[in-house]
Protein chains: 2
Amino acid sequence: MSTPGRGLHGHVLDTLGPEITAGEYPPGSVLRTDELAQRFDVSRSVMREAVRVLESMHLVESRRRVGVTVRPKSEWNVYDPQVIRWRLAGKDRAPQLRSLTVLRSAIEPVAAGLAARHATAEQCAELTQCALGMVANSRGHKLEQYLVHDMAFHRVILDASGNEMFARLGDVVAEVLAGRTHHDVMFEDPDPAAVTLHVQVAEAVRAGDAARAEELTREITVGALQELDILAP
Amino acid sequence: MSTPGRGLHGHVLDTLGPEITAGEYPPGSVLRTDELAQRFDVSRSVMREAVRVLESMHLVESRRRVGVTVRPKSEWNVYDPQVIRWRLAGKDRAPQLRSLTVLRSAIEPVAAGLAARHATAEQCAELTQCALGMVANSRGHKLEQYLVHDMAFHRVILDASGNEMFARLGDVVAEVLAGRTHHDVMFEDPDPAAVTLHVQVAEAVRAGDAARAEELTREITVGALQELDILAP
DNA sequence: CGTGATGAATAAGTCTGACTTTTTGTCTCC
DNA sequence: GGAGACAAAAAGTCAGACTTATTCATCACG
């Protein structure tokens, strides 16, 4: 996605990263730099750079005389967008989607409340635009177009919150929404109630009604959680 | 902190990382690998590994014929524990502490609610232990001991939530609490009301009362926010 | 027997230098 | 003034030699 062909070490990461995050090597497994270099047909220097990146994600640990050992999942930098993408593409896609949706349910209502206080006029306009776009594409199997506006809507909310930690979750939320549309859930048109809620959130933010924006957004995320529960109770 | 002496490239990161996150190089600044290698007196290979790590944190971008360009703050991986540590040690320590506290106020109440549902008997016991430890050290300038139990308390809550995304914020919250004790705020003994709240949260979790655990934790985080507001309104 | 020191094997870490590739800026030439 | 060719610059890649820390096994000593 982001920058596919950023060098040989990137290509190595594109296959080794998903393998590790998919759990193909149990925690404590030992990889050797030389072997990996051979396997991917790259020089040791390139392989070392790739290992350094995996190490900075806390996926592996490199120790002298031992090798490159895979760390337990509990130590991974699970907020790293790259790690999130790898995991969403792999086997624990479902549990990952669940935990991210729970994260959303905690973050987004608070973010919406802050947005109601801090959003600029421009952001309010953009928000309304997005909500209208969702309404316009809520019927007639226009899921792709709907998704575009849905992702934009939540990104604006997170940005407008004025909190950088929230803002940086825009990509994650977008990924979750995209995953929902393209996979498990959402076979038909989106829930009309959810669409209405988005419009109301946009209104509340414009009106500066923090409590209402927060509560409405909470309803949206509760709905998202219920969708998952229906699928896998 | 974590692993200080993990090689030459680590030493380079220890000084270059903080420099970048402190904003010493404005976005778009260009660094050259060779110059950096000279400056830190390391070989190009070591320098390249360090750059790869910075690149994986989205602090810089390396492009041929151009050099290593510093990315704008809005693109940094601000959830990377290393980045958080660098920023907390640097100039935007105060705003960073604010945004992290807001993050806490969103996450922790939800985490406490989940903990009330999912916590094991062992975790409940540990939680009570921590709360008692806080009570025991809440008077008489035992701030350090108080802090230890406070950090442990919140870590248990996040772990017991059963959500890996929440669990991985344990280190961050610990860092925020430590920062609060060792710097700006907290000159005297902790607020007795806050101590009581912690005890009550432990009780609510043990009783499986999710709504109460959530609400009580919300009061705790609101208190933390107010502390910051008093200091810098 | 256990225990601690010695030493050899191993794999990561480091350095150097040569070469390749991509990109950019410039300089023509029309 | 624009299009295309050319040259320079910096990252990217590779191969090989060397260094260093760590582990494990062996052996001597209590």
Side-chain angles (χ1 to χ4, degrees), chain A residues 1-17 19-20 25-72 75-76 82, chain B residues 1-17 19-20 25-72 75-76 82:
Chain A
M1 176 166 232
S2 56
T3 323
R6 62 266 192 251
L8 282 188
H9 91 282
H11 174 251
V12 171
L13 286 175
D14 285 341
T15 73
L16 194 52
E19 282 181 7
I20 295 175
Y25 308 95
S29 301
V30 176
L31 311 173
R32 262 166 258 104
T33 310
D34 289 355
E35 287 184 8
L36 290 174
Q38 277 197 5
R39 173 183 161 197
F40 291 104
D41 195 36
V42 295
S43 67
R44 280 200 325 133
S45 13
V46 168
M47 196 58 227
R48 286 178 55 71
E49 289 171 23
V51 168
R52 285 285 178 252
V53 173
L54 295 175
E55 203 175 23
S56 87
M57 297 169 173
H58 278 66
L59 295 183
V60 303
E61 187 181 1
S62 180
R63 281 167 54 203
R64 267 180 156 141
R65 161 62 188 178
V66 170
V68 178
T69 64
V70 178
R71 305 181 92 153
E75 296 178 8
W76 297 351
Q82 184 90 125
Chain B
M1 172 165 243
S2 56
T3 323
R6 60 264 191 253
L8 283 188
H9 92 281
H11 174 250
V12 170
L13 287 174
D14 285 341
T15 73
L16 194 52
E19 282 181 8
I20 295 176
Y25 308 95
S29 302
V30 175
L31 311 172
R32 263 166 257 104
T33 311
D34 290 358
E35 287 185 8
L36 290 174
Q38 277 196 5
R39 172 182 161 197
F40 291 104
D41 195 36
V42 295
S43 67
R44 289 205 332 283
S45 16
V46 168
M47 196 58 227
R48 285 179 55 73
E49 289 171 23
V51 168
R52 284 285 178 252
V53 172
L54 295 174
E55 203 175 23
S56 87
M57 296 169 173
H58 278 68
L59 297 182
V60 302
E61 187 181 1
S62 180
R63 280 167 54 201
R64 271 180 153 137
R65 160 63 189 188
V66 172
V68 178
T69 64
V70 178
R71 306 181 91 151
E75 296 178 7
W76 298 350
Q82 184 90 129

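In what follows, chains are A, B, ... by sequence order, proteins preceding strands, each numbered from 1. These figures come from a predicted structure and were not determined experimentally.
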Minimum heavy-atom distance A:His9-B:Glu55, with the two atoms named
CE1-OE1, 4.4 Å
Over all atoms of both residues, closest heavy-atom pair of A:Pro27 and A:Pro72:
CB-CA, 3.8 Å
Provide, to the nearest angstrom, the distance between the CZ atom belonging to A:Arg52 and the P atom belonging to C:dA12.
11 Å
Between P on C:dT14 and NE2 on B:His11, what's the gap in Å once rounded to a whole number?
12 Å
Taking NZ, NE, NH1 and NH2 as the nitrogens, is one of them in B:Arg52 or B:Glu49 under 4.0 Å from a carboxylate oxygen of the other?
no
Shortest non-hydrogen contact between B:Gly67 and B:Val30, atoms and distance
CA-CG1, 4.2 Å
When the distance from CD of A:Glu49 to P of C:dG13 is rounded to whole Å, what number comes out?
13 Å
When you measure from every atom of DNA chain D, which of residues 27-37 of chain B have a heavy atom less than 4.0 Å away?
B:Leu31, B:Arg32, B:Thr33
A:Met47 CE to C:dG13 C1': how many Å, rounded?
15 Å
Starting at atom CZ of A:Arg48, determine the distance to atom P of C:dC15, rounded to an integer number of angstrom.
10 Å
Can you give me the closest heavy-atom contact between A:Gly17 and A:Leu54, atom names plus distance?
CA-CD2, 4.4 Å
Quick check: closest heavy atoms across A:Leu8 and A:Val46, and the distance to 0.1 Å?
CB-CG1, 3.8 Å
Let me have a per-nucleotide readout for nucleotides 19-28 of chain C, 5' to 3', with B, S or -, counting only protein heavy atoms under 4.0 Å.
--BSBBS---
Under 4.0 angstrom, heavy atoms only, what part of the nucleic acid is B:Ser62 near: base, sugar-phosphate, or nothing?
sugar-phosphate
Can you confirm whether B:Thr15 sits close enough to B:Phe40 that some side-chain heavy atom of one is under 4.5 Å from a side-chain heavy atom of the other?
yes
Whole-Å distance, A:Gln38 CD to C:dA11 P, equals 13 Å
Segment of DNA chain D, first to last nucleotide, that comes within the 4.0 Å heavy-atom reach of chain B:
D:dA8 to D:dT13
Is the CD atom of A:Gln38 crowded by more than 12 outside heavy atoms at less than 6.0 Å?
no
Please examine the side chains of B:Asp14 and B:Arg6, heavy atoms only from C-beta on, and report whether any two atoms are closer than 4.5 Å.
yes
Looking at every non-hydrogen atom in both residues, tell me the closest pair between A:Leu13 and A:Ala50 and how far apart they are.
CD2-O, 3.7 Å
Could you go through B:Tyr25 and B:Leu16, starting from their C-alpha distance and side-chain angles, then the distance that decides it, and tell me whether this counts as side chain to side chain contact (heavy atoms under 4.5 Å, CB included)?
CA-CA 10 Å; B:Tyr25 308 95; B:Leu16 194 52; 4.2 Å; yes
